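Before any comments, here is the structure.
Atoms considered below: every heavy atom in the structure, side chains included; atoms not considered: hydrogens, waters and symmetry mates. Treat the numbers as computed from the prediction; the structure is a model and nothing was measured.
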Amino acid sequence: MDGSTNSLDDVSAESSTEYPDKLSTMEVRLQAQEDEITLLKSSLADALRRLRLHDQQIPLLKQQLIAVNPAAARVLNQSCYVDGFSKPCRLSTSSLDGFNHTPNSLISNTAENGEGGAKTIPSHKPSTSERCTQTDPWIPNHESFPLALTRRVQSLSLEDALLEGTPFTDEIQTKEEDADEDEGKKDQTWSSIVEDTIQPTTIRTLQQQHSKSSEDSQGSCPQTPTSSSPAPPKEPTSSPHGGPLSPIQEGEKTLARRNSEKWKEPQDKTKQRLSKKAASSTNLLTRSPSLESRAKDLIASAGSQGSRRGTQNQSIKMFIRGRPITMYIPSNIQNYEELKMDLPSQKLDLDWVYGYRGRDCRANLYLLPSGEAVYFIACVVVLYHISNQKQRHYRKHTDCVRCLAIHPDKVRVASGQTAGVDKDGKPLQPFVHIWDSKTLVTLQQIGLGIFERGVGAIAFSNSDGGTFLCVIDDSNEHMLSVWDWNKNIKQAEVKSTNEAVLAVDFSPTDTNNIISCGKSHVYFWTMSAGTMTKKQGIFGKYKKPKFVLCFVFSLTGDVLTGDSEGNILTWGKSAADIKTLGKGAKETFQIMKQTRAHEGSVFTMCILQGGAILSGGGKDRKIIRWSADLAPERECEIPEKFGAVRTIADLDGEELLVGTTRNAILRGTFSDGFVAIVQGHVDEMWGLATHPTQNIFVTCGNDRQLCVWNAEDHRLDWCTTLEDSGLCADFCPNGAVVSVGLSTARWVVLDLQTKEVVADLIDGNEQLSVMRYSPDGSFLAVGSHDNFIYIYSVTEGGRRYTRFGKCTGHSSFITHLDWSKDGKFIMSNSGDYEILYWDVASGCKLLRNRFESKDREWASYTCVLGFHVMGVWLEGSDGTDINALCRSHSERMVAVADDFCKVHLFQYPCPKPKAPSYKYEGHGSHVTNVRFTHNDSHLLSLGGKDTCILQWRMKGAGTAEPKEHSAAASPPENGT
């Protein structure tokens with residue numbers, strides 16, 4: 001216990017770090033590197049998976065084409081490239097029939113766009129050992145041709161020489177041995193001509209065409225020439241390509257191909273083989289599109305180069321970090337382009353803020369004459385009326401609030417914020433707001449563009465009625481500045497120290513005297529004519545503490561400081577020590593008295609009206625009341641679960657408010673003890689789930705706390721400590737139990753009534769990311785970072801779990817999943833932006849054809865990738881920009897949690913880019929999760945590092961608003 005408490009003291013004492021910008025930069029770099037590594041791993045795994053899939057598809061494609069005509073292999077062997085997308089292949093002599101003649105022969109090539117112009121290329125016969133590749137294709141005499149021509153020459157196949165309506169004959173010099181050799185090389189050359197990304201739909205199309213071809217061959221198809229009636233050759237005919245062509249009739253259909261310049265009369269056997277091949281090739285080419293055409297269609301469906309989305313027939317493609325993601329358009333959408341995206345029918349209004357920032361901030365809890373306690377968390381300053389249990393919120397800050405000060409009139413409030421960054425990573429400038437606590441109207445903004453990194457400490461002057469405001473920023477020099485805040489004029493500025501500064505205040509009797517303290521120092525400042533002079537407190541014979549954490553002014557004018565050694569030091573002026581410092585030495589501030597107060601640090605001190613002093617300890621968690629001459633009078637200890645004492649506020653002379661290091665605010669007295677009126681998490685949160693029938697929700701996070709909240713009464717019902725960090729949760733549809741996934745591959749199920757663990761299981765060896773019950777509660781899906789989804793059958797009202805199966809197929813960790821309304825199918829997303837569908841009822845099978853799932857209805861919609869939510873992604877988004885989303889139960893809205901501290905509200909469905917939305921600020925960190933309550937009356941959002949839970953009330957949208965509406969830009973009542 002001693003070691004842990006000492007560690008807590010050190011962390012608390014160093015809350016204002018020396019180099020916060022370096023720490024932030026390192027965290028950003030580390031996160032970026034982790035993202036890149038994850039993407040590289042997932043891309044590699046995905047490539048291997050696709051290669052395996054293609055290896056399975058290639059034999060089927062080969063069988064289908066050969067079944068149509070065994071001679072198809074010869075036709076395909078004559079193609080070395082398919083629109084520049086084929087793999088490297090060996091050029092055989094049979095595939096170069098168009099080039100095996102005299103150097104004077106010319107081969108014409110038609111441009112890919114199908115226009116009539118033709119260019120001629122001198123022929124050349126390379127050796128059979130030469131290879132062609134996409135990056136370095138073999139081009140005959142390529143040095144004599146312009147670069148624009150090389151793209152066309154990459155594709156030399158039978159169809160390149162075909163023009164619609166042109167006669168066709170085959171008069172190539174062929175030997176029977178060559179034909180047999182070509183037949184034997186089919187398997188070797190096949191992989192070089194099949195385009196890499198042929199989809200399963202291509203196979204089904206070929207099967208349909210094969211069936212149709214078989215029917216036609218038995219019915220209306222013209223007779224194929226046989227050996228008994230060979231087609232006699234006719235006179236050569238001039239071709240529009242510029243090369244000699246010979247026609248051959250097959251019913252009323254004619255095809256055309258190039259002829260060699262020289263040919264000999266073939267033997268009868270050769271004629272038979274050639275005639276059969278020519279006729280069957282004609283059937284093949286006229287009845288089904290070529291592989292080249294299919295490849296072009298696939299590429300065209302991705303949209304133009306550099307675009308994020310493209311449409312092709314019944315699918316639309318979006319790109320995230322360069323990776324294409326295909327979305328299939330549901331059947332009920334007839335014209336995707338005519339879809340109109342509107343603002344949602346309702347808006348959000350901030351209803352309640354759960355939590356308090358006590359773990360790393362100090363002097364941040366005050367009581368107003370109105371009966372409201374003032375404190376902050378994330379970007380919100382909360383005014384909580386203790387008796388009425390109502391909250392109001394000041395929300396004009398753009399990043400986390402760091403400090404508070406109350407004006408002597410007890411009405412006006414000053415609050416300072418940290419710098420932060422925008423969504424592009426650019427730093428935002430910190431500032432101080434002075435505002436009216438009655439009207440929540442901002443009276444003044446000071447320091448914008450002057451303060452660096454953040455505002456660490458602020459204080460109003462007292463003796464002059466609060467005319468001046470002293471500010472210390474978080475720059476390396478911790479600049480101290482004094483402002484006439486009402487006129488927004490800076491009176492003085494000076495470099496304070498390179499060490500951390502934790503507190504600052506004016507003397508209650510003289511505005512020109514200011515005191516600051518921090519790491520190993522106490523400074524006494526004097527302001528005169530716009531300049532600041534500093535005198536350092538001398539510790540002398542007393543041990544110099546590591547930190548001076550707080551100070552107050554006694555009624556006699558003495559300065560009392562509390563330090564990390566557990567002492568209260570009384571400071572006073574002393575005459576100059578001429579013997580030690582020499583002639584001309586000035587008076588100094590030295591320690592007049594040392595009082596042992598606490599075991600561990602003295603975190604806070606407070607002066608009561610009668611002159612008594614309150615001190616709060618860290619390690620011992622004690623609150624001690626001292627007389628004016630520092631004689632102890634009373635003491636009490638706060639419960640260990642709430643942490644150490646962070647700050648104390650006097651409620652009515654007897655009752656106190658206590659802020660703690662575990663983000664709780666306690667109310668009580670020395671005699672009756674203390675109870676929590678505000679509680680929250682103390683570390684990053686990720687897990688959030690709402691009860692299916694009640695206004696209850698659960699949260700969990702890295703602090704290992706599972707908290708059950710009452711959204712109607714705005715209070716914590718109960719919490720329990722988990723063995724590891726909780727990352728995800730979900731309620732069973734009967735509402736009796738809740739399952740929680742942990743960071744160590746374990747997951748537990750707790751009974752909401754008894755609070756006991758009714759199930760404890762382990763899946764894999766990596767953290768769990770999503771838990772989701774089926775709509776009827778008969779199954780539970782557990783998504784893991786090991787790329788698997790584990791399916792359990794659920795019995796006994798959610799208290800018994802039996803492994804049903806495992807969904808295997810993702811190439812990266814599972815991020816989100818949803819069940820279909822019939823409870824038979826699952827839609828899942830992964831870290832490499834995959835969308836996969838699973839047939840759970842048939843044994844957790846992966847549905848290869850995602851097109852078949854386009855009309856399926858989903859019981860919930862939390863997957864961030866899908867056709868119905870494609871519009872929530874901004875143009876150029878990174879794949880991690882959206883952490884979570886949730887569709888309302890009415891299926892009319894979708895809420896989005898992003899990486900830039902914002903909550904968005906879109907209409908549902910939202911399938912088109914640049915969809916309008918309402919945008920809401922309040923979080924000071926990435927928003928990790930969002931959920932609607934069971935009746936859509938409220939929306940809940942979790943902040944990550946800010947440990948804040950915001951509860952938003954749904955309300956009618958009223959009149960039309962701009963497409964993007966920032967909640968912080970206008971008062972809450974105007975439609976945030």
Side-chain angles (χ1 to χ4, degrees), residues 363-370 372 374-376 379-383 392-399 401-419 428-475 478-496 501 503-516 525-533 553 968-971:
N364 58 353
L365 176 62
Y366 298 93
L367 188 69
L368 299 179
S370 62
E372 294 174 307
V374 184
Y375 58 92
F376 59 78
C379 302
V380 183
V381 182
V382 181
L383 296 92
R392 295 188 298 142
H393 312 103
Y394 179 76
R395 301 173 51 200
K396 296 303 191 304
H397 284 282
T398 60
D399 213 291
V401 182
R402 290 288 309 280
C403 52
L404 273 179
I406 305 298
H407 194 272
D409 63 8
K410 303 296 183 181
V411 174
R412 286 171 285 189
V413 180
S415 51
Q417 71 168 61
T418 190
L428 297 175
Q429 296 175 331
F431 53 80
V432 173
H433 272 175
I434 296 93
W435 46 280
D436 191 308
S437 63
K438 293 182 178 180
T439 63
L440 301 181
V441 174
T442 303
L443 305 175
Q444 190 64 267
Q445 174 179 278
I446 64 173
L448 186 66
I450 298 176
F451 303 141
E452 294 183 19
R453 299 180 185 168
V455 179
I458 54 178
F460 281 104
S461 58
N462 289 280
S463 60
D464 58 2
T467 302
F468 296 102
L469 181 73
C470 181
V471 182
I472 296 182
D473 69 9
D474 287 332
S475 63
H478 294 93
M479 299 298 295
L480 185 151
S481 56
V482 178
W483 298 76
D484 184 338
W485 64 266
N486 201 30
K487 299 177 181 179
N488 201 2
I489 297 175
K490 183 166 59 177
Q491 299 292 321
E493 185 177 36
V494 65
K495 294 180 180 179
S496 173
V501 179
V504 66
D505 202 358
F506 287 89
S507 168
T509 58
D510 188 354
T511 301
N512 293 321
N513 291 334
I514 300 172
I515 297 177
S516 65
W525 302 88
T526 301
M527 181 174 63
S528 177
T531 60
M532 304 288 295
T533 57
F553 294 92
S970 59

Could you pull out all residues at least two apart from [X] that satisfy side chain to side chain contact (heavy atoms under 4.5 Å, CB included)?
| X | value |
| --- | --- |
| C379 | none |
| A363 | Y366 |
| A457 | V504 |
| T418 | D399, C400, R402 |

> What salt bridge (charged side-chain N to carboxylate O under 4.0 Å, His left out) pairs are there with at least one residue in residues 483-492, not counting sequence neighbours?
Replying inline: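 Matches after skipping sequence neighbours: K490-E493.
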Pairwise side-chain contact, [X] with [Y], heavy-atom cut-off 4.5 Å (strictly under):
| X | Y | answer |
| --- | --- | --- |
| W483 | V432 | no |
| T467 | N486 | no |
| Y375 | N364 | no |
| Q429 | F451 | no |

> Which class fits the ring pair Y394 and H433: parallel under 30°, tilted 30 to 60°, perpendicular over 60°?
Replying inline: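 Geometry flag for H433 against Y394: perpendicular rings.
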>> Main chain of M479, side chain of D473: is a donor-acceptor contact present, judged purely on distance under 3.5 Å?
In response: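 Flag set: sc D473 to bb M479 pair under 3.5 Å.
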> If you measure from NE2 on H478 to CD on E452, what distance do you get to the nearest 0.5 Å?
Replying inline: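 It is 11.0 Å, given to the nearest 0.5 Å.
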>> If the condition is ring pair (Phe, Tyr, Trp, His ring centres under 6.0 Å), which residues does F376 pass it with, not counting sequence neighbours?
In response: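 Per chain and number, F376 pairs via ring pair (Phe, Tyr, Trp, His ring centres under 6.0 Å) with no residue.
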